[in-house]
Number of protein chains: 2
Amino acid sequence: MPLEDRREQLLLAAIDVIVERGYADTRITDVAERAGTSPALVIYYFKTRDALLTEALRYSEDSWYAAGVKRLEEIPDAAGQLTEMIAMTCLPSDDPGERGEWRLWLDLWALSPRNPGVASVRHEFDVRWRHAIRDIVLAGQAAGEFAAVDADDFALTLSALLDGMAVQIALEDPDVPPVRAYDLALAFAAGQLGFIPPTER
Amino acid sequence: MPLEDRREQLLLAAIDVIVERGYADTRITDVAERAGTSPALVIYYFKTRDALLTEALRYSEDSWYAAGVKRLEEIPDAAGQLTEMIAMTCLPSDDPGERGEWRLWLDLWALSPRNPGVASVRHEFDVRWRHAIRDIVLAGQAAGEFAAVDADDFALTLSALLDGMAVQIALEDPDVPPVRAYDLALAFAAGQLGFIPPTER
DNA sequence: CAGCATTGACTGAACATTCAGTCTAGATTC
DNA sequence: GAATCTAGACTGAATGTTCAGTCAATGCTG
């Protein structure tokens with residue numbers, strides 16, 4: 001019945017299906033079925049299939065990021081915050097859905113060159129992510145926690161490293177278990193910034 | 001007319017189209033048109049659309065890698081070789097086609113979770129790439145050029161970093177021009193292994 | 001309050017299109 | 001002349017989108 005509930009319900013269904021079948025193979029019928037309704041309703045809420053799927057991607061990434069920020073805010077020191085960000089990308093929680101999160105990124109990337117809407121979602125999130133890293137670095141340097149590296153360069157390098165690790169994790173490469181990716185990324189950050197990485201998780 | 005020529009011609013046409021429209025939106029008609037022939041012929045050579053596209057991806061990556069290896073063989077020192085590998089991924093040549101090379105990777109990644117054939121192409125290449133890095137590191141260490149880091153860890157980290165940079169380059173992120181990606185990746189490698197990066201390109 | 005009008009949520013059936021793959025027959029080559 | 005190669009016409013299935021309405025609730029009016 002309710003207006004916003006329906007939209008959200010459909011978006012969640014769409015995310016489910018995209019993770020499962022991939023963006024390209026997600027039919028609106030699938031989404032409708034998953035949400036227990038009819039294709040016509042899906043079109044009723046989102047004018048087109050593409051609008052639905054694009055919104056779903058944005059919704060998913062937004063939730064993921066927002067949840068991360070909330071966790072970050074409760075961590076006092078810069079090193080801890082950075083560690084949490086690395087964990088966010090490398091160590092998928094058991095929370096169902098977060099497992100497939102990175103697969104959405106792969107779709108996002110693949111779609112970006114041809115789909116301006118998707119491209120802007122992608123770029124927006126990338127910029128935000130790099131800024132977050134940079135801000136933490138600057139704060140850490142101001143507090144004397146971190147060495148004096150160039151914050152922008154570091155942010156770009158770390159975010160690229162994390163993206164690369166995320167690919168391996170999303171594809172479940174047997175040579176790159178999440179914990180190893182986490183350890184290596186953390187080692188990089190700690191080495192560059194000169195902090196002691198927290199012990200075993 | 002000739003057998004192998006036709007196949008190759010069709011594969012090249014397929015690569016062109018995939019780069020332009022993306023894997024999902026590549027129709028066999030497009031490939032046929034690009035090759036100046038009929039859809040039926042495409043099916044004649046490759047039984048199915050999927051077989052065509054998968055082979056095209058493999059073919060493209062194979063050529064790219066083979067060309068790289070040939071160049072590497074003419075470089076005597078390990079540092080120079082590693083630098084060349086970083087350049088290979090970060091600095092697309094003017095050579096038409098190599099520009100869109102990385103977009104194929106994005107498709108490859110996005111397809112992998114659902115398409116076993118594509119997944120094995122992807123994994124095969126990743127393993128090969130990491131091994132190549134590792135071997136160069138080991139050779140460099142044996143020759144006293146490099147510091148004594150763990151070669152496998154380094155290879156995994158560098159390849160992830162390069163993948164991440166490649167994403168930005170493929171998507172032409174304005175904040176990450178190829179040269180900057182190259183400089184940062186090179187700085188990382190040089191820093192870890194303790195060699196002096198070659199000057200300006 | 002009783003009847004009427006209006007609106008928003010929703011649906012089933014049809015439409016239109018797009019494509020992968022087939023079929024048949026003709027050309028080329030050895 | 002047989003095998004290989006090629007094209008044009010076609011088909012069958014899938015699927016996004018439209019559309020004409022149904023249904024329930026809410027507001028309005030006398």
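Labels below follow one simple rule: chain letters A, B, ... track the order of the sequence lines, proteins then strands, and each chain is numbered from 1. Because the structure is predicted, anything quoted here is derived from the model rather than measured.
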(message) What is the separation between atom CD1 on B:Ile43 and atom C1' on D:dG8, rounded to the nearest whole Å?
(response) 15 Å

(request) Would you check if the distance from the ring center of A:Trp129 to the ring center of A:Trp64 is below 6.0 Å? (result) yes

(request) Have a look at B:Pro197 and tell me which of B:Leu186, B:Asp183, B:Leu82, B:Ile86 forms a side-chain contact (heavy atoms from CB on, under 4.5 Å) with it. (result) B:Leu186

(request) Nearest whole angstrom, please: distance from the P of C:dA20 to the OH of B:Tyr23. (result) 11 Å

(message) So, OP1 or OP2 of C:dC10: does either fall under 4.0 Å of a side-chain N or O from A:Arg6?
(response) yes

(request) Could you tell me the separation between the CG atom of A:Asp25 and the P atom of D:dT15, rounded to a whole number of Å? (result) 9 Å

(request) Grab the OH-C1' distance between B:Tyr45 and C:dA20 for me, whole Å please. (result) 19 Å

(request) Please figure out whether A:Lys47 or B:Gly36 has its closest DNA chain D nucleotide nearer the 5' end. (result) B:Gly36

(request) Side chain of A:Arg27 only, please: which of C:dC10, D:dT15, C:dA20 is the nearest? (result) D:dT15

(message) Between C1' on C:dC19 and CG on B:Asp50, what's the gap in Å once rounded to a whole number?
(response) 14 Å

(message) Could you tell me if B:Arg6 sits above the aromatic ring of B:Tyr45, with its cationic atom closer than 6.0 Å to the ring centre and no more than 45 degrees from the axis?
(response) no

(request) For A:Ala40 and for B:Ala40, locate the closest nucleotide of DNA chain D by heavy-atom distance; then report the residue assigned to the nucleotide nearer the 5' terminus. (result) B:Ala40

(message) Taking the cut-offs as 6.0 angstrom to the six-membered ring centre and 45 degrees off its axis, would you call B:Arg134 and B:Phe154 a cation-pi pair?
(response) no

(message) With heavy-atom distances below 4.5 Å as the criterion, would you say the side chains of A:Asp173 and B:Arg122 are in contact?
(response) yes

(message) C:dA20, OP1 or OP2 - any side-chain N/O from B:Thr48 closer than 4.0 Å?
(response) no

(request) Using only side-chain N and O atoms of B:Tyr44, determine if any of them is under 4.0 Å from OP1 or OP2 of C:dG21. (result) no

(request) Take atom CG of B:Leu41 and atom P of D:dC5, then tell me their distance rounded to the nearest Å. (result) 9 Å

(request) Check the distance between C:dA20's P and B:Ile28's CD1 and give it to me in whole angstrom. (result) 5 Å

(request) Could you tell me the separation between the CG atom of A:Asp30 and the P atom of D:dG16, rounded to a whole number of Å? (result) 8 Å

